[in-house]
Structures are given as structure tokens and as C-alpha cells.
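Report on one structure; see the data block that follows.
Everything numeric here is computed off the predicted structure, so don't read it as measured data. Reminder, nothing fancy here: chain letters follow the sequence lines and each chain counts from 1.
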Amino acid sequence: MAILKLTDVHISYGNIKAVKGINLEINKGEIVTLIGSNGAGKTTTMNTITGLLKPFKGKIEFKGRDITGKNTSEIVKLGISLAPEGRQVFPRMTVIENLELGGYTRTKSQIIETLGEVFDLFPRLRERKYQEAGTLSGGEQQMLAIGRAMMARPELLLLDEPSMGLAPIIVELVLKAIKKINKLGTTILLVEQNARMALMTADRGYLLETGKIVMAANADILLHSDKIIKAYLGENKED
Amino acid sequence: MHKLQIQGLTKRFGGLTAVNNIDLHMDDNEIIGLIGPNGAGKTTLFNMITGMYIPTSGKLFYQGQDITGIKPYKITDIGIARTFQNIRLFLMMTVLENVLIGLHTRTNTNLFDAITKNKRYRNEEKTSHKRAIEILEMVGLKERKDEYSKNLSYGEQRKLEIARAMASNPGILLLDEPAAGMNDNETAELTRFIKTLKNFGLTVLLIEHDMRLVMNICERIYVFDHGSKIAEGSPKEIQKNQQVIEAYLGKGA
Amino acid sequence: MLFQQLINGLTLGSTYALTAVGYSMVFGILGLVNFSHGSVYTVGAFLTLIFFTALKFNFFVSFLLSIILTGLLGILIDRISLYPLRKRNAPKVTSLISTIGVSIFLQNLIMITWGSETKKFPLVINRGSINLFGANISTLQIMIFSMCIVLMVSLNIMIQKTRVGKAMRATAQNSKAAMLMGININAIIMITFFMGSSLASVAGTMVGMYYQTIDPYIGYMAGLKAFAAAVLGGIGVLPGAIVGGLSIGVIEAIAAGYLNAGYRDAIAFAVLVLMLIVKPSGLLGKQASKKV
Amino acid sequence: MIILFISFMTLIPFLGFSPYIMRIMILSGIYIILALSLNLLTGFTGIVCLGHAAFYGIGAYTSALLAIHFDLSFVFTAIAGGVVAAFFGLLLGLPTLRLNGTYLSMVTLGFCEIVRLVGLNWMSLTRGPMGLTGIPFPKILGWVIDRDAEYFYLVLILIIMTWVILNNLIQSRAGIALIAIREDEVAAEAMGINILKYKVLAFAISAFFAGIAGSFYAHYASFINPQSFTFDESIQILSMVILGGMGSNLGVALGAIVLVSVPEMLRGLQEYRMLIYGAVLVIMMLTRPQGILGNPKALKIPRNN
Amino acid sequence: TSAPKQGKDEEIKIAVVGPMTGDSAQYGQSFKRATELMASKVNEAGGVNGSPIKLEIVDDKNDAKEATNVAQKLVSDEKIVGVIGHFSSTASLAAAPIYQRAQLVELSPTSSHPEFTKQGTYMFRNVNTQAIEGPILADFAVNDLKKKKIAVIYVNDDWGITAKDNFIEAAEELGATITAEEAFIGGQTRDFAPTITKIKGTNPDLIFLAAMYSETGMIAQQLEQLNYDVDLLGTSSLNNDQLIKLAGAAVDGLYLTNNYFPGNPDEKVQEFIEDYKEAYGVEPDQFAAVAYDSLGMMIEALKTSGPDRVKLRDSLVDIKDYNGVTGKTTFNENRDVMKDMIIMQIKEGKFTLYR
Ligand SMILES: Nc1ncnc2c1ncn2[C@@H]1O[C@H](COP(=O)(O)OP(=O)(O)OP(=O)(O)O)[C@@H](O)[C@H]1O
Ligand SMILES: Nc1ncnc2c1ncn2[C@@H]1O[C@H](COP(=O)(O)OP(=O)(O)OP(=O)(O)O)[C@@H](O)[C@H]1O
Ligand SMILES: [Mg+2]
Ligand SMILES: [Mg+2]
């Protein structure tokens, strides 16, 4: 059953139409990736799912419930969590306070439990527990943003370019973690610039181009599609 | 005499040593890579070079001139330009205006010229405008020149930042993760672009986590970990360096 | 005499401090200076007076009713004059002018409904006083001062330790991210306005009792001074508001007592300017760490 | 277009408006200069100045005192008023090296109060609350300005001067530098912009024109006292800028006209007047948060913050 | 100049200007109420030579700039033959040149600034200047109360400064010493504890207050809170029941000068108080009384001059011994008034005649 379903969703910024009628479905337990070049509308779509933006047309359903136009806080309480583009940490709060806020909708003991898991995944964050988030390095902030989204233990986790700014060794770690939490029952929607990596992690993928979905298929099919190879993977074959 | 020379540079934040006794140098027309795990101190080094942080100890020389502790705006004037890891565009200004600001240090009409709009002023206006358009063309943003920069997508904003930094016609260009937020194709395009910069005679210091980009274009690479330099050498050497693999590259690379 | 002047200054300062806390809270969350705060303070004082003298309620009932109604007024002000602007992402200064409009409106509304003449504010607390080192300290002075300290401590605990407090700080630092945490920022903003405004009512009532008179213009200078106090202490930092308020009160008392009463406000502002130049983020404010 | 407009303006005194209307127009003119000058500071540089009335007052007092005691020509006293105000602007600009945002606004507010209170208490210079009376009519090259039409032309000339100078300034590299500072100081500095220099410059130029407006006012009203240069006055000028649309010179000029005229139109309402005025202010902000001529696009969400 | 042609029952317009809003609005309200009372009385009795009086109440917020705007507006309205106002000397002074140019009478019930009537030939006032009141107060303090050490608290505006200067000059001439001279800013200062503490340190026998009633009330109460018992002396501006309502026992014993006394058994005065109370539910204050008389005099003058601006001025100058609620009034050659003054004292919550 589809846990998330977007039907003919249109999103615009004033008169700039960023997303022009997309249909998208994610089934429970899947990892789905959304790929596309700069400005295709990936972030716009993610922000709309979490209610930060309101679509001017179309319908968004989560677990069969219509959540179109609902407030972000309500949507989050229903079980969707986003690690946003550009990290958006709380700059003058410590690392641990940031993480605790990630679990705002949960109880204290639940928070403490998940906190341990996040720290195990990113030992650097444990080291910097009491550092103000605004003074963390770029990559450290990215770890914090991912960790904070995990703190909510959402049913659907949205990750907008989680690998951005992370060292290769950490990227590997994050991908592993994504697979792991997915196994534990979290559905994941992943936006990635690194299409190869995303498709290797995901079960299914959508290709977004200038606000429209142009391809939707299983990940390995996309990975071998000529169009994708040429436009997104091309070039790098040599190494 | 090196174009840029760094001697024993250190930066502490309270008890944390973010950059620890670093020596580093760059020569004319080199493209140098700077890599290392998250929080290794790479951005902090940039901040010291550009005068945004005052080093705890150590010295910086640009073309033999001591530039330690000089104000950021003077550093730019001297010839070092940068981009930011967290994009910092002038969001409420158009793409073109952003680049015009980049030209600030390379223009010199004074208030009197501006108020009277004299010939000198009008000539300079024309040349700056032309130059700005040229630069935008190079990064492929010419079509969007009148768009507010906040309306660009993440990737486009990155390109604009590079364009803006290039506008000051720097002796050294410091790029902090320029490929972050770009897909493989765009990264490839960026790779070509940075290579052309070299042909224009620019010297580039590049922080990047995208190894394909780094290995492709850098002549030499410095590797930091926990604020210290752990390796230095050609891409080939670095890729094989066991310490670097363990701390940074991981087995996937 | 110096000791007496210090006492005078601390009491005056406490009244600024109580008002400053409200400024500081709203600023802390929304990053905007709510210039209607001074008028809200006046409304608070008048409501207590009206309930007490015209409707003959018990004083504490009157006080409580005023606190609640003034709190609700705060929410109303936000809903009418700020919320629509926030929704449209208008620049912060726009909200500033909007709150100034509200302030002018409220002040004149008070004047029309209750008249512009100065009114007697009954002294409910026994006027007993103690003599300490030759200085005269009244019960009321002690009460105002302790109120200030209690509020400072409890509010600080609330902001730092409770869930609501954390949500408030999160909203202040990044409202978009706060929403993503599941925080209902509209509710948080309402709570903030309610608390800030009811504190203004507490301050207004206390000051009314202390001076035993009120008029529709009490909020004007009090508002300015409280704003100054909040900034001096480090705006958004609640203990800072208290420290700032007390400092300005003491400076004024000393200036009036030893220098020239005509210049007392000028001296207070001059010291404020100098202190800010020395410590640009206020006495207790932390210099925003500049990571680039 | 512009020429048409200006020639229309020159005709106004011949259209037989009552002295009262002429007075309102001349006052609007003064506020247009004030709003334009504040726009440089607030609209372009992003400094919310709560003390503009202080510069206005300093200009007024300087010019009035020079005229009363030395009987100098308006050209000289006005420039002197501007220069003295600019000097204080420069002083106030210096703390911007360390101060920002609300803290800086507070300093400007404090400055405004200090100037007013000094004006109120320095009896020997300013005659304190009694104010300066008998400020002579403006004299320019022997020509005495004492009729409404003449005042109207004088203020018109001052507006045009202010407008042209500020407009050219804003379009120049200095102007873009100011906007860049408003948008992101760190990035602006990385572009080679000397932040302190430009902020001080903005303060000084802004204060200069406010000082000129002040000196015109002093000679026009022939009576000034510290009451005319309060914090409320600063707020009034700031409201004009914001209502008109920060960063739009035409907008803030309109803002000035509106905020001078509205209270006049409401005068018949007696005690309800200010009540309505407050409400009007809120409603105007709500209907056009970006200001009358501000750019509506300025309201969209910045992507990264 | 010829008077505009006017029929018998065409109304005569008189403007009443004062602070209807702003922090002095209560004084403007007194103007408004008193003049409306007078106007309706006159109109009921058939108006001035058959023409009804029409008042135009205008707000100047007690602000100099607003005052000039108002003045300009009023002079443009040809129907207006005279102006009662403005309230403060500051506003009156600022507006004076405009009235003078337009030859419109500006009769201020309250402006006591010495310069005011020197601004031109159309300025009148219906209040003793401080040059007259100051010496009376000083004489009373030194010779009657036998107080030699006097502290002064004054409001830092034109009125307060002239009041305290005139008082101090006269008092020092009579051999008194001034122990302290402390200013406060009207409508702004509410906290007097530091000032009182300072004055207490100089140990005076009497404090002279050049202040309005609202601040006087606060000063008296704060004196009491600080347990400081000292004699107080104030000016006629304190003659307002509100003072007693506000400060109660704290102002008991306070002396003040006056020319309007509600306890005056004179029929005229009692009738005025009755009518005022009936119309507005409050007792008239000093400001109401002088405004009432000011309009009364203007109407008296209009009876001979007719609705003509210039003639009105000339006939106002000629008014002799107008018998109003504030006593007998005559304008001197400077268009200032000289009114007799009485001394009152507040006793057990009442204004009582002291001398
Ligand atoms: N606040 C905004 N106002 C106006 N236009 C916007 C805004 N945000 C995004 N856009 C435009 O909407 C389109 C989609 O942007 P979006 O950020 O969703 O792209 P994206 O796929 O996430 O790109 P990237 O990979 O670069 O992050 C782009 O053309 C962008 O310029
Ligand atoms: N202003 C500061 N205060 C405290 N700590 C800081 C500050 N700036 C940086 N740091 C710390 O210094 C270390 C180095 O940070 P820096 O930003 O230089 O890392 P980086 O190498 O650029 O990492 P990344 O690849 O993640 O961007 C980090 O651990 C960071 O938390
Ligand atoms: Mg994106
Ligand atoms: Mg970095």
C-alpha cells in the first residue's frame, strides 16, 4: 500500500511554476529516490510534502489521509520527517539540544534511546555534544541535520541531499545507515545529486526534469537506462 | 618566492585546535586540492587566509608580502577571492548585480564621479557591465542575469558564487566545495571550467569532497585531519596513502 | 544618601526590568521590537484599576483578570497586526511600523474611554517601611524588587529547561526548522505574546501602585526605557532584561541625585550608548559566533 | 516625462491653492527630503535608524543660530546645518564597526534622546524648551524668501538636488556596495567592500540631507524648539520610508506626502484623530507590507537562512 | 478692511484650539467643555446681537509644528473671527506670527510666557504672567510663612522656567536662600525619588513647585513614601480638584495662589460650577474657568465690534473690568492681564481660602 501518494501536484513561487503536475507513490518499506538536475524541483517537492510550501493544485496523501495544505507541525506529528537542504540547524543551540528538538514529538526516554543510535552513527557528534551548532563545520552540520531527522523515528524519512559536504568515508556510512533504518521499517525518500549512488541505494527511482516526472522505474532499470547514463552518469564511465 | 606561503598556521577555538601548525605553499598557476574529513579544519584555513579569522599563531605570505591579520576587504583587494561553503549570495540582488559587486575592487570611480555621472563614470559603467556579462556567460548563467539570486536553485547559486568571486580577477581563487549540490554531469562541467581557469592563468585552492573532481584537476593535494596536515602529494600518491584511505577516502574509493 | 539613591534606583530599575522582559521575550522569538508593548503596559495598569475601583472587585481578582485580559490583548495584537505580515514574509521593519500603529491606536483608545487626566491608583499594599542604614525602604519597594528577581529566575528556568521554552528558542533561531521538528510555531508565538503582555500588565500594575497614579501616557517613556533596558542587557536574554533595567534605574537615580535632574535621561542614554559600544551584544548577550 | 513633471510642479503656486494647502505641500516637501535621506540609510544600507530627527534638529538649530547671531545667507547656513549634522552622522556611524541590528538601532534612538535632552537643557545655547524665536527669513544672494510661493520653489529645488544626488549615488558602485552590506556583511567584505567606510558614509550623507531639511524648516517655521525633534518624529520619518517602500525613492516620497496629509485630513475628527491614524498605519502596512512602491518580490522567502 | 457682509442670524465662528489628543489632552478638554458651555449659554440667550456663536474645536496636540498648521488652516477660513488658544506658550508662540499676519486675534487663556504678547498686536492672554505671580508667591513664602531656605522643583518647559525664575529672583531679593533647583521633564518624569532625596539633603524649610497638578500629586505622594515632611507651595496651576483626588492627604497643607476659587460664594461662580457639573459630570478646573472667561470676553467684545477680525481686536483692547468667574479682568497696554490673586491652602481634602 502506498504510504505517500502525490496526485497531480502543482507548485509555484508567485508566477514561477516549479513543479508542474507530478504523480508519485511510495510504498511502505521502500527506499525511493528522486533525481534530476539543478532546478528540476526536487527540493520544492520535498518541502511541499512536509507542508513548508502549499501546492496550488493537486493532492498529497499520507497513509491514506489527505494532508494537502496541512501545517508542517501536524504533518510531522503524523510521522514524516525531513533533513532539509542547507541543513537548517539551530545555530545557537548545542548539538544535543538540536537533537533533542528532533525528538520534539516524542517522550524523554524514547529520545534518550534514539540519541545513542545517532551518536553511534556519527561519533563526531558525540564528541561535540555541547558545541553550538552554528560553529560546527559544514559536514558536521550535515551529520547533525540527518541525525536530527532520525530522532523523530518517522515512518517516512525525507532526505534532501544528505551526502552534500560529507567526506567520502562518511557518505558510505550514511548510505549504510539509510539501508539499516529502512530495514527496521522506515520508508525513505531520497534526493541525491549523485545519481549513481542514489540508484544503487534505492529500490525505485523517479527522474524529475523541469518540474515534470519524465521517468519512473525500478532503480536498476534506471541505472542502466541510456537517457540517465547520458544525462546524469555519463562522463564518469572513464574512471 | 611562492605565490602563497603559509607557515606554522594555528587556530584555536577555546580548547579546540581547529588548525594545527600548518605549512603550505602554492605557486603561480597551480591548482591545489585540500581534502580531509569533516571538521578537519579546511574551511578554517580559508577563513584565515581571507582575514575572516585571526590566526592564533603562524604567518601568511602572499607574493612575499606578510598578510597575516589583514582585514578581509583588503585581502580581496590584494588579490585573493573566495567562495563560501554555506552559500552567501546577496539574495535580494539580481544575478548580474551580484557579479557587479564582485567587480567592486576592480573599479575606482569616486563619489564625485557618481553624483555628477561624468564621462569617467559612464565609461566604467559600460566596461563593468560588459565584463560581468562575460563572466556570467562563462558559468552559463547569462540567461538568468535579471533573476533575483535567491530564486536560483542550489546548484545555480553555487555557480553564481564562483562567478562573483572570479569577477575580482583574483591572483588566487579559493573554492570551498564548489561541486556540492551538483550532479555528476554538472561536476564534470565544473571540472572543465576550472581547467579553463588554469588556462586563464589563475591559481586555485580547492576544498572538495568529490574525489573525481579533485583527482582530475589537482596537481598537488594536501590532506588535513584533526587540524593537522597528514599527507601531501600528487593525486596518485594520495589515493594510495594508507593513512588517507583510513581517515578519509574509505574503501569505496 | 548614596544608599537611599541606590534603593531609589533599584526600585525604578525594577519597574523597567519588569517591562523589559516582555520586550525581550517577543524579540527573542520573533526578532522584532514590539513597540506596542508600552501601550499594552498602560492597558494592563488601567484594567487593574477599573476592575478594582469601578467594578469593586477584590484587588487580587482585579489584578489576575487584568493579567489574563492583557495577555489576550497581546495575542490579539499579534493576530491582527503581525501575523498577516509574518505570513507574507514582510521585512521586520514593517512589523515595527505596524506595532507603532497599534501603540498609537491603543494609547488614544485608552484616552477616549478613560479620559486623559491622571488617575489615582489605590495603594493596596500596606505602606509600612523599614529603615536601613539611614535609608527609607518601603514594603512596596521590596515587593517590586523581589518580584523582579523571582520572575527572572523562574522565566529563565522555563526558557532553558522546559519543552515550551526550548520550542520558543528553536522558533527564534530558525522558524522553518522549528516547524520541521513538529513545533506548532503559531501556538508558541501566541504563548510568547500572552506571557510578554501579561508581564506588561504586572509591570503596569506594580508601577501604578508605586507611584499611586496612572495616566494614558505612562507607557511611552516606560516603553522606551524598557526597550533600552532589554537591549542593554542583551536583547532576547531574559536575565539581561533584568540586569539592564536595574542598571538604567540606578544610573538615572545617580544622575538625578548627584548631577542634573534635567539631564537624567540623557545621561542614562549616554551610558547605554557607551556600554553598547564597549559590549556590542549587551551586558549578558553573547556575541553571535561568526562561523563562515 | 521628468521635465513635464517638474514644469507641472513649478506651476503649482499659480493654481490658487489656499495658504493652508500650500503649507501642507511645503511641509510635505521637507518630509520628502527627510524620507529620501533616511532611505539611503534604512532602505539601502539596512540600518534601522530611530534617530533621524536628531540630524534634522541639529541642522535646524545650527542654521537658526547662525542666522540669528550672524545674519548669514541661507545658502551658507543650510550647508553649515548639513555639515554639522553630517559630522554627527559620521560619529554615529563609527560604532557600526562593532554594532549591528537592534543594538545599533538602540544607539540611534539613544542619540536622538540625548540630542533632544541637550537641546532642552542647554539653555544658554538653545534657550531650552522656550525654543528659538525670530529666526529670520531665508536670504539667498540678497533675495529674501518670505512668501509661500517662494518657499515652495526653494523646497522644490532642495528636493530635486537631494533626489538627483542620492539617486546617482545609489546607482553607482557605492550604492550597490551599500545594498550588498544590507544583504550580507560577511560576503560584502569578502568582495572587497570596506564595510565601516561605507556605513559611515551612508550615515554622514543621510545626516547631511536631514540637516538641510532641518535648516529649511527652521527658517520656514521661524520658531523651533526641541519638541519638534523627538523620537516620535524619527518614527514618523521611518514610517514614511517603510510605508513608501524601502529602497524606492519615488515610493518614500509618496510615503512622506501620505503621512503628512492623512493626519491633516483627519483633523476634523478631534480626539478620534490619532486613534484613526494608528489604525490607518496598521492597515496600510497590512495591505502593502512592501510599501506603496516597494517591490512585492521582496517578500518571497529567501531560500537559505 | 471691511467686514464680510453678514445677515442677522448668520453664525459667528470662533475657533478653540488646544491639545485634544496627546499627553496634555485633559487641559484641552477643559477648554473645550468650558467654551462650549459659554457658547450654549450665549446662544440660548439669543446669541451676539442675534447671531449664534459657532465654535470650531481644533486639536494642536500641544505641539509647535501642529500649532502652526492649525493656525494656517484657521486663518484661511474667513468665517473665523477670533481664536481662543493655544494652551501652552510654546504652541501659542509658534502660531503667533501666522495670526499676526492674518490679523486674527489669538487670545490664549493660559500662555504665560512673557514673550507671547510681544509677538504682535493680535496676541492677548487671560492669565497673569509669572512676572506678576512669582513675586506674590515669593512674598508670601518669605514674609508670611517666614521660610528662608527654599528648594525649587520645576517643570522643564517655558512656563516652568519663567515661573521658577520669577519666583527665585523675587525670593532672593527678599533675603531667602535657594537650596536646590531641580528640573523634571513634563509628561516624562514620573519618578521623583532621586530628586526628593537630593533636596532632602539640602534641608529646606519649604519646597516651591512650579509644576502642573498631575506631577505635583506624584511629588507629594513620593515625598510621603520617603517619609519626608516639608511645606509645599505651588502656583495657580494647581487649582484643580483632581490634585486632591490624586494625592489625598499627601497634599494637605499645600499653599497656592489663585484667581479662581470654586469656594467663592459669588453667584456667577457657583452657577458656572453647577452648570459645568451638570453638563460634564466633573468640577471645572482653573483652565476651564479661564477659558470660560476668555470666550466670555471675546463675546463681549464682539457685541460692539461685530464679526470683523480687526475690529474685534480693537474692541477687545477696550474691555474694562470684565466681571468673570476668575475675577475682574482688564487688558493692559501689552494685552496682558492683571488679576488679583488670593492665597489658598488645601486642608482636609479641600481648597480653603488662606488669605
Ligand atoms: N523561493 C523561490 N522563489 C522563486 N523561485 C524559486 C524559489 N525556490 C526555488 N525556485 C525555483 O524553482 C525551481 C526548482 O527549484 P528546486 O530548489 O526545487 O530545485 P532542485 O531540484 O532542488 O535543485 P538543486 O538540485 O539545485 O537543489 C528552480 O528553477 C528555482 O529557481
Ligand atoms: N567559530 C568556531 N567556534 C568553535 N569551533 C569551531 C569554529 N569554527 C570551526 N570550529 C570547529 O573547528 C573544526 C574545523 O572546522 P572547519 O569548518 O574548518 O572544518 P572543515 O574541514 O571545513 O570541515 P567540512 O568538510 O565538514 O566543511 C570543526 O570541528 C568545527 O567544529
Ligand atoms: Mg535542491
Ligand atoms: Mg568546510
Side-chain angles (χ1 to χ4, degrees), chain D residues 17-27 30-31 56 60 113 116-117 119-121 123 127-135 137 146-148 217-218 220-233 236 260-261 263-278, chain E residues 16-23 25-26 28-29 32 56-78 88-98 101-102 113-116 118-119 154-162 165 183 185-188:
Chain D
F17 287 113
S18 75
Y20 171 62
I21 300 287
M22 284 304 285
R23 186 173 188 91
I24 301 301
M25 286 197 283
I26 293 166
L27 273 180
I30 296 172
Y31 282 98
Y56 179 41
E113 281 294 287
R116 178 177 73 91
L117 289 162
L120 209 50
N121 286 288
M123 298 293 293
R127 304 203 336 137
M130 299 190 272
L132 296 174
T133 49
I135 302 166
F137 295 121
D146 59 355
R147 285 179 313 143
D148 279 344
Y217 173 70
Y220 176 58
S222 87
F223 169 83
I224 52 170
N225 69 352
Q227 194 76 41
S228 305
F229 310 106
T230 56
F231 169 65
D232 281 353
E233 192 73 13
Q236 173 88 350
V260 171
S261 327
E264 289 303 326
M265 294 189 297
L266 297 176
R267 204 177 279 291
L269 300 171
Q270 297 182 30
E271 62 259 53
Y272 294 99
R273 165 168 172 242
M274 292 313 288
L275 185 84
I276 307 284
Y277 177 69
Chain E
V16 177
V17 196
M20 303 299 157
T21 63
D23 54 10
Q26 68 267 40
Q29 288 301 324
K32 180 179 175 210
E56 174 130 346
I57 311 282
V58 195
D59 177 23
D60 69 357
K61 281 166 78 191
N62 206 19
D63 174 287
K65 183 175 52 155
E66 294 262 341
T68 53
N69 284 355
V70 165
Q72 192 60 257
K73 187 173 175 174
L74 293 178
V75 300
S76 311
D77 182 349
E78 280 175 11
S88 73
S89 302
T90 311
S92 300
L93 273 169
I98 297 170
R101 230 175 293 159
H113 194 295
E115 295 286 320
F116 168 55
K118 295 183 190 148
Q119 296 300 303
Y154 65 98
V155 53
N156 196 0
D157 62 17
D158 49 1
W159 178 85
I161 290 170
T162 31
D165 283 346
I185 297 176
Q188 177 171 329

- side-chain contact (heavy atoms from CB on, under 4.5 Å) between Gln119(E) and Leu93(E): does it pass, once the steps are laid out? CA-CA 7 Å; Gln119(E) 296 300 303; Leu93(E) 273 169; 3.6 Å; yes

- Between Tyr217(D) and Phe229(D), how do the two ring planes meet: parallel, tilted or perpendicular, split at 30° and 60°? perpendicular

- So, the part of Phe223(D) with a heavy atom under 4.5 Å from chain E: the answer is side chain

- Message: Could you check whether Gln236(D) and Tyr31(D), counting side-chain N and O atoms only, form a donor-acceptor pair closer than 3.5 Å?
- Response: no

- Message: Using side-chain heavy atoms (C-beta onward) and a distance below 4.5 Å, is Val16(E) in contact with Lys32(E)?
- Response: no

- Does a donor on one side chain sit under 3.5 Å from an acceptor on the other, for Asp63(E) and Gln227(D)? no

- Task: Counting only heavy atoms closer than 4.5 Å, note whether Leu74(E) contacts chain D via side chain, backbone, both or neither.
- Result: neither

- Item | Engaged part of Ile224(D) at the chain E interface, taking heavy atoms whose separation is under 4.5 Å | neither

- Item | Top contributor to chain E interface from Glu264(D), Met22(D), Arg127(D) [non-hydrogen pairs under 4.5 Å] | Glu264(D)

- Heavy-atom contact with chain E under 4.5 Å, split by part of Met123(D): side chain

- Message: Within the 4.5 Å heavy-atom criterion, are Arg23(D) and Thr68(E) side-chain neighbours or not?
- Response: yes

- Query: Which one, Thr90(E), Ile98(E), Ile161(E), Asn156(E), leads in non-hydrogen pairs under 4.5 Å with chain D?
  - Reply: Asn156(E)

- Query: Just wondering, do His113(E) and Trp159(E) contact through their side chains at under 4.5 Å, heavy atoms?
  - Reply: no

- Against chain D, work out which of Ser76(E), Pro97(E), Pro19(E) has the most heavy-atom pairs shorter than 4.5 Å and name it. Ser76(E)

- Item | Heavy-atom proximity to chain E below 4.5 Å, by part of Leu117(D) | side chain

- Between chain D and each of Glu56(E), Lys73(E), Lys61(E), Glu66(E), count heavy-atom pairs under 4.5 Å; write down the option with the most. Lys73(E)

